[in-house]
Number of protein chains: 2
Amino acid sequence: MPPKVAKRKISKKTPQKSRVRMAPSQRRELILAGAIDYFAELGFTGKTRELSERLGITQPLLYRYFPSKQVLMEEVFEIIFLDSWQKEWDALLENSSIPLKKRLVTFYQQYFEDSFSRRWIRVYLYSGLAGTGMNQKYLKMIRQRLIDPVCMALRALCSDDKNWGPISDDEREFVWVLHGSFFAYATRKYIFNHETKINFEGYLTRSIENFLDGAKANYPKLRSVKTSS
Amino acid sequence: MPPKVAKRKISKKTPQKSRVRMAPSQRRELILAGAIDYFAELGFTGKTRELSERLGITQPLLYRYFPSKQVLMEEVFEIIFLDSWQKEWDALLENSSIPLKKRLVTFYQQYFEDSFSRRWIRVYLYSGLAGTGMNQKYLKMIRQRLIDPVCMALRALCSDDKNWGPISDDEREFVWVLHGSFFAYATRKYIFNHETKINFEGYLTRSIENFLDGAKANYPKLRSVKTSS
DNA sequence: AGTTCTAATTATCAATAGATTAATTAAGCT
DNA sequence: AGCTTAATTAATCTATTGATAATTAGAACT
């Protein structure tokens with residue numbers, strides 16, 4: 001093994017890259033924003049050199065703001081997940097003065113813009129495949145803030161009985177069918193690039209209508225269903 | 001740049017790895033089977049060394065049977081996709097002497113075993129995220145062999161009118177809702193490790209029942225829907 | 001038991017990519 | 001104008017990993 005002599009060339013005058021000097025917090029935000037786009041497309045195979053190039057900065061600069069690629073990606077995921085729920089939605093979904101159909105249509109119109117978007121879906125799936133624990137947290141949140149409230153609304157819609165007891169997993173799965181079908185739609189669109197020439201508005205409304213029509217007849221049956229393996 | 005002299009150490013006696021000598025075709029199959037499992041878990045970031053270790057062979061041996069990792073993975077994907085449709089299903093789905101509900105229940109029971117399995121779902125998503133064109137082919141097949149036949153069955157179920165003309169994308173999306181909700185269920189289970197304590201059989205039946213109940217009321221409306229952007 | 005064929009192994013190569021370091025440069029505030 | 005420090009330049013380390021060349025040995029055949 002040859003002895004390693006650290007020899008560093010002293011540059012005299014070299015062509016300089018145009019340089020923008022930013023406040024650290026600002027630069028950090030910029031990097032994060034770029035990283036979200038980049039990792040949404042490339043996933044874990046994304047390269048720090050390529051990311052820095054897209055950002056118009058040098059690669060070592062990334063390490064001034066983030067100790068490692070791993071940490072950077074983790075922050076990206078966290079942002080994606082935290083940004084995925086608007087606080088107003090809680091009130092909207094539980095507002096029984098609005099017909100459930102209208103609540104759901106309004107909610108999903110917005111949800112498709114924010115969360116069932118290209119960036120979000122891709123990061124979400126990358127994160128799931130990689131086995132980060134983040135998706136669990138997200139699923140739990142969806143259950144608490146979307147699934148369960150809709151279950152309660154369905155109970156109110158389909159039955160006068162006030163004493164159902166705790167929400168069962170069977171009820172939850174009933175509602176997951178609706179949510180899942182939209183998730184699948186977004187996945188087809190953004191992961192598999194499946195194009196359909198439909199009026200999205202109409203599709204959304206019809207899906208929800210159809211779901212609710214079915215629920216009126218079938219949701220009450222879940223009242224007496226015993227959960228077993 | 002120092003001249004590179006290819007110097008190879010001549011081993012005299014070295015501890016040998018136990019070696020099994022197999023017929024090429026047999027070894028090939030073995031590698032492929034292992035690769036399916038391996039790449040289903042790890043995706044494109046899977047390493048040839050780790051794969052070979054799992055297989056109990058040395059890494060260079062992979063290259064005796066496959067010219068590159070890329071080619072090996074492509075074969076894996078092709079097998080996964082080709083294996084995902086049983087020929088009997090075509091006849092089953094179009095067999096109008098069986099009630100549609102029963103056809104669908106039977107179909108999805110089997111489909112969940114073969115295609116909405118852990119291995120399949122993961123490879124399918126890896127493939128989609130990586131942007132291989134394979135998913136398109138698969139989606140097209142699903143449309144032809146599942147979506148469209150179900151559309152025709154729904155027409156027969158919900159209306160006496162025999163002159164609907166060609167199937168519209170709105171009708172297809174109506175059916176995709178059902179298929180998509182099952183896809184999403186499998187994704188939740190195998191990608192996000194979401195556990196639910198439900199009776200799967202009952203879940204499947206209820207979902208299909210609910211879908212058909214809704215369809216009876218709402219599918220006929222698609223007859224006159226004009227598709228627009 | 002030796003010969004031969006070739007499956008499988010051992011030993012590397014070469015390229016990539018995460019991460020670090022030191023010196024230098026220049027943006028923009030006071 | 002001077003100072004602070006963000007950012008670049010440039011070089012490099014190190015580990016990983018896809019891929020190849022050279023060597024060894026299993027078993028079928030004579």
Side-chain angles (χ1 to χ4, degrees), chain A residues 1-31 34-35 38-39 42-76, chain B residues 1-31 34-35 38-39 42-76:
Chain A
M1 198 149 299
K4 278 157 202 163
V5 179
K7 209 182 287 183
R8 204 162 293 281
K9 202 183 287 180
I10 308 296
S11 62
K12 303 288 159 89
K13 271 180 258 172
T14 38
Q16 288 287 319
K17 186 172 181 175
S18 77
R19 168 190 307 210
V20 180
R21 188 190 174 101
M22 297 177 73
S25 65
Q26 210 177 341
R27 176 66 79 188
R28 221 187 115 84
E29 288 309 304
L30 211 95
I31 291 175
Y38 181 69
F39 289 125
L42 279 278
F44 296 85
T45 55
K47 301 159 196 172
T48 57
R49 283 175 171 84
E50 206 172 297
L51 168 59
S52 68
E53 200 179 350
R54 286 202 196 184
L55 286 164
I57 61 174
T58 55
Q59 185 233 14
L61 191 59
L62 293 175
Y63 289 89
R64 199 180 183 80
Y65 292 94
F66 300 91
S68 69
K69 178 184 168 185
Q70 183 67 29
V71 168
L72 173 55
M73 290 204 310
E74 276 165 16
E75 284 211 39
V76 165
Chain B
M1 197 153 294
K4 279 159 200 160
V5 180
K7 209 182 286 183
R8 198 162 295 280
K9 203 183 286 177
I10 307 294
S11 61
K12 304 286 159 92
K13 270 182 260 174
T14 36
Q16 290 286 319
K17 183 174 182 176
S18 75
R19 171 189 303 210
V20 180
R21 192 188 172 101
M22 294 176 75
S25 64
Q26 208 177 341
R27 176 67 78 186
R28 218 187 119 86
E29 288 309 303
L30 211 94
I31 291 175
Y38 182 68
F39 288 124
L42 278 281
F44 296 85
T45 54
K47 300 157 195 170
T48 55
R49 276 169 231 274
E50 206 171 298
L51 168 59
S52 67
E53 199 179 350
R54 285 200 196 185
L55 286 164
I57 61 175
T58 56
Q59 182 240 10
L61 191 59
L62 294 175
Y63 290 88
R64 197 180 183 79
Y65 292 95
F66 301 91
S68 69
K69 176 185 170 185
Q70 183 67 28
V71 169
L72 172 55
M73 289 203 311
E74 277 165 16
E75 283 210 42
V76 165

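All heavy atoms count here, side chains included; hydrogens, waters and symmetry mates do not.
- Note: CG (L42(B)) to C1' (dT17(D)) measures 14 Å, nearest angstrom.
- Taking atom CD on Q70(A) and atom C1' on dA17(C), their separation rounds to 15 Å, with Å as the unit.
- Backbone-only engagement by T48(A) is indicated by non-hydrogen atom pairs under 4.0 Å involving sugar-phosphate atoms exclusively.
- Among the atoms of the strands shown, none is found under 4.0 Å from any heavy atom of F66(B).
- Under the side chain to side chain contact (heavy atoms under 4.5 Å, CB included) test applied with S52(B), the options I57(B), I31(B), T58(B) reduce to a single match, I57(B).
- As rounded to whole Å, 17 Å separates atom P of dT6(C) from atom CZ of R27(B).
- Here dA6(D) presents its P atom at 10 Å from CG of L61(A), a figure rounded to the nearest Å.
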Next item on the list: Carefully, step by step, assess T48(B) and Y63(B) under the rule side-chain contact (heavy atoms from CB on, under 4.5 Å).
Entry: CA-CA 10 Å; T48(B) 55; Y63(B) 290 88; 3.5 Å; yes
Margin query: L51(A) vs L72(A), test: side-chain contact (heavy atoms from CB on, under 4.5 Å). Steps then yes/no.
Written below: CA-CA 11 Å; L51(A) 168 59; L72(A) 173 55; 3.7 Å; yes
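- Taking only side-chain atoms of T58(B), from C-beta outward, the nucleotide of dT9(C), dA7(C), dT12(C) with the closest atom is dT9(C).
- If you measure from atom CG of L72(B) to atom P of dT17(D), you get 16 Å, rounded to the nearest angstrom.
- Here CD of E53(A) is found 11.0 Å from NZ of K47(A). Values are rounded to the nearest 0.5 Å.
- With dG18(C), dA19(D), dA7(D) as the choices, the nucleotide that has an atom nearest any side-chain atom of K69(B) turns out to be dA19(D).
- Neither OP1 nor OP2 of dA6(D) sits under 4.0 Å from any side-chain N or O of Y65(A).
- Closest contact between the side chain of R49(B) and the listed nucleotides dT12(D), dG18(D), dA26(C) involves dG18(D).
- Which of dG18(C), dG26(D), dA6(D) sits closest to the side chain of R21(B) comes down to dG26(D).
- When distances are taken from the side chain of P60(A) to each of dT9(D), dA7(C), dA7(D), the shortest belongs to dT9(D).
- We find the CD-CZ distance between E75(A) and F66(A) to be 5.0 Å, quoted to the nearest 0.5 Å.
- Here the nucleotide nearest the side chain of P24(A), chosen from dA6(D), dA7(D), dA8(C), is dA6(D).
- The distance between atom CD of E53(A) and atom P of dA17(C), rounded to the nearest whole Å, is 12 Å.
- Rounded to whole angstrom, the span from the CG atom of L55(B) across to the C1' atom of dA8(C) amounts to 14 Å.
- Remark on DNA chain D: of its neighbouring residues V20(B) and G46(B), the 5'-side contact belongs to G46(B), judged by nearest-heavy-atom nucleotide.
- Across dT8(D), dA8(C), dT20(D), the shortest atom-to-atom separation from the side chain of R64(B) is found for dA8(C).
- Phosphate proximity of dT20(D) to Y63(B): absent, as no side-chain N or O sits under 4.0 Å from OP1 or OP2.
- For K47(A), the side-chain atoms get nearest to dA17(C) when compared with the rest of dG18(D), dA17(C), dA19(C).
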Margin query: I'd like to know whether K69(B) forms a side-chain contact (heavy atoms from CB on, under 4.5 Å) with L62(B), so could you lay out the CA-CA distance, the side-chain angles of the two residues, the decisive distance to 0.1 Å, and finally the verdict.
Written below: CA-CA 8 Å; K69(B) 176 185 170 185; L62(B) 294 175; over 6 Å; no
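- In terms of polar N and O atoms assigned as donor or acceptor, the side chain of Q59(A) never comes within less than 3.5 Å of the base of dA17(C) in a complementary pairing.
- Rounded to a whole Å, the CE atom of M22(B) is 17 Å from the C1' atom of dA25(D).
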